[in-house]
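Read through the structure below, which is laid out as structure tokens, and then see the notes.
First the proteins, then the strands, lettered A, B, ... as listed; each starts at 1.
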2 protein chains.
Amino acid sequence: MYGIGRLSSLANVKIPTIRYYEEINILPEAERSSGGQRRYRQSDLERLNFIRHARDLGLGIEDIRDLLRLSENGENPCVDADRIAAQHLSRIKDKIKHLRRLEKELKRIVSHCQSETIGDCYVIQSLANHALCGDEHKEGL
Amino acid sequence: MYGIGRLSSLANVKIPTIRYYEEINILPEAERSSGGQRRYRQSDLERLNFIRHARDLGLGIEDIRDLLRLSENGENPCVDADRIAAQHLSRIKDKIKHLRRLEKELKRIVSHCQSETIGDCYVIQSLANHALCGDEHKEGL
DNA sequence: CTTGCCTCTCTAGTAACTAGAGCTTTTATA
DNA sequence: TATAAAAGCTCTAGTTACTAGAGAGGCAAG
């Protein structure tokens, strides 16, 4: 049994974040010391590690909640977990696509500006006038 | 002079968003009709188009505020605008790098899972146990 | 028993909107 | 001109995943 500070450094998750996870019920309510402080055990650390790891991969809290629920019974079919991961992967691919379009457009705009003053700055002109854009950059996340 | 609905469809920005932009002072306070409704003119549309365009490129409101301020005087040097755009470009590059790492890791995890039940689902195992990760995916945005 | 660190709850703030309630104004039609 | 539909108004609260800070209380070492 250890306190929240120790759990925090073991899992590499900040203290307020741990309390937040408890509040939104992805961590169970912690046991308390006689004075009311949270006390944790190994299983809490494991669950928190799972959460942090999933967060590092960019999964949202609701997906993580589903994954935790699924993982609680080893007999569950794993297609649901696979689907969550696969959907997340496709969201990431979409984001990459979108960001690449932005990157391309910004590169074009930035490299194109050779002027001295705002009056004929290509950056400003591009923003003011969509017609100067080479490409589309309106969709997606 | 037209109403907020028309401005909204001309600029392709939702009505509440326009009011929000006014509230945070990146759009000037609109003139009002005798009954108190907002009335806009061409210059408002141009400013709003500028904003939307910058948002489409992923720029944050504070950057846009700076760009708008700079663009108000054509004599201003344009290095400041260029710097804002260049910094944004580098943030985008970083995000792409980060997302590509996640993509790689998720692909590995998803394709690796051939099981039927959660008990030996590679997705779940990877999340529970960081040692199964091929790569790092902890840094950055 | 005291000192100092750890932890507690609660509120509010972040970014950039979005949704909805309940009401008033404007516009189009009869 | 009367009325009804469409458009607009303000205000509050919700979204995501935390983070910061105030002010009070718990805990372990010496």
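- Comparing A:Arg6 and B:Ser34 along DNA chain C, the residue whose closest nucleotide (by nearest heavy atom) sits nearer the 5' end is A:Arg6.
- Between the C1' atom of C:dT24 and the CD1 atom of B:Ile4 lies a distance of 15 Å, rounded to the nearest Å.
- Within 6.0 Å of CZ in A:Arg83 there are more than 12 heavy atoms belonging to other residues, nucleotides or ligands.
- In this structure, B:Arg65 places its CZ atom 11 Å from P of C:dA15, rounding to the nearest Å.
- One can place CD1 of B:Ile15 at 15 Å from P of C:dC17, the figure rounded to the nearest angstrom.
- A salt bridge links A:Asp63 with A:Arg91: the distance from a Lys NZ or Arg NE/NH1/NH2 to an Asp or Glu carboxylate oxygen falls below 4.0 Å.
- Phosphate contact (OP1/OP2 of D:dC9, side-chain N/O of B:Arg38, threshold under 4.0 Å): present.
- Rounded to a whole Å, the CD1 atom of B:Ile18 is 11 Å from the P atom of C:dT18.
- When each of A:Arg39 and A:Tyr21 is assigned the nucleotide of DNA chain D bearing its nearest heavy atom, the one mapping closer to the 5' terminus is A:Tyr21.
- Minimum atom distance to the side chain of B:Arg32 is reached by D:dT10, of the listed D:dT10, C:dC17, C:dC8.
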Inset, instruction - Go through the steps to decide whether A:Glu75 and B:Thr117 satisfy the test side chain to side chain contact (heavy atoms under 4.5 Å, CB included), and finish with yes or no. - result: CA-CA 6 Å; A:Glu75 314 276 298; B:Thr117 61; 5.7 Å; no
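- Atom P of nucleotide D:dT16 and atom CD of A:Glu23 are separated by 14 Å, given to the nearest angstrom.
- Minimum atom distance to the side chain of A:Ser33 is reached by D:dG26, of the listed D:dT19, D:dA17, D:dG26.
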Inset, instruction - Could you give me the CA-CA distance, side-chain angles and deciding distance for A:Tyr21 and A:Arg47, then say whether side-chain hydrogen bond (donor to acceptor under 3.5 Å, both in side chains) is met? - result: CA-CA 11 Å; A:Tyr21 286 162; A:Arg47 194 173 173 101; over 6 Å; no
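- In this structure, the OH atom of A:Tyr2 is 17 Å from the P atom of D:dA28, given to the nearest Å.
- Taking only side-chain atoms of B:Arg55, from C-beta outward, the nucleotide of D:dT19, C:dC17, C:dC8 with the closest atom is C:dC17.
- The interatomic distance linking B:Tyr20 (OH) with D:dG14 (C1') rounds to 14 Å, in whole Å.
- With rounding to whole Å, B:Ile24 atom CD1 is found 12 Å from C:dT18 atom P.
- One finds a side-chain N or O of A:Lys14 lying less than 4.0 angstrom from the OP1 or OP2 phosphate oxygen of D:dT19.
- Taking the nucleotide of DNA chain C with the nearest heavy atom to each of B:Gly36 and B:Gly60, the more 5' of the two is matched to B:Gly60.
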Inset, instruction - Show the numbers, then the answer: is there a side-chain hydrogen bond (donor to acceptor under 3.5 Å, both in side chains) between A:Arg38 and A:Tyr2? - result: CA-CA 8 Å; A:Arg38 287 173 182 81; A:Tyr2 34 78; over 6 Å; no
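- Considering only side-chain atoms of B:Gln37, the nucleotide from D:dT19, D:dC9, C:dT18 that sits closest is D:dC9.
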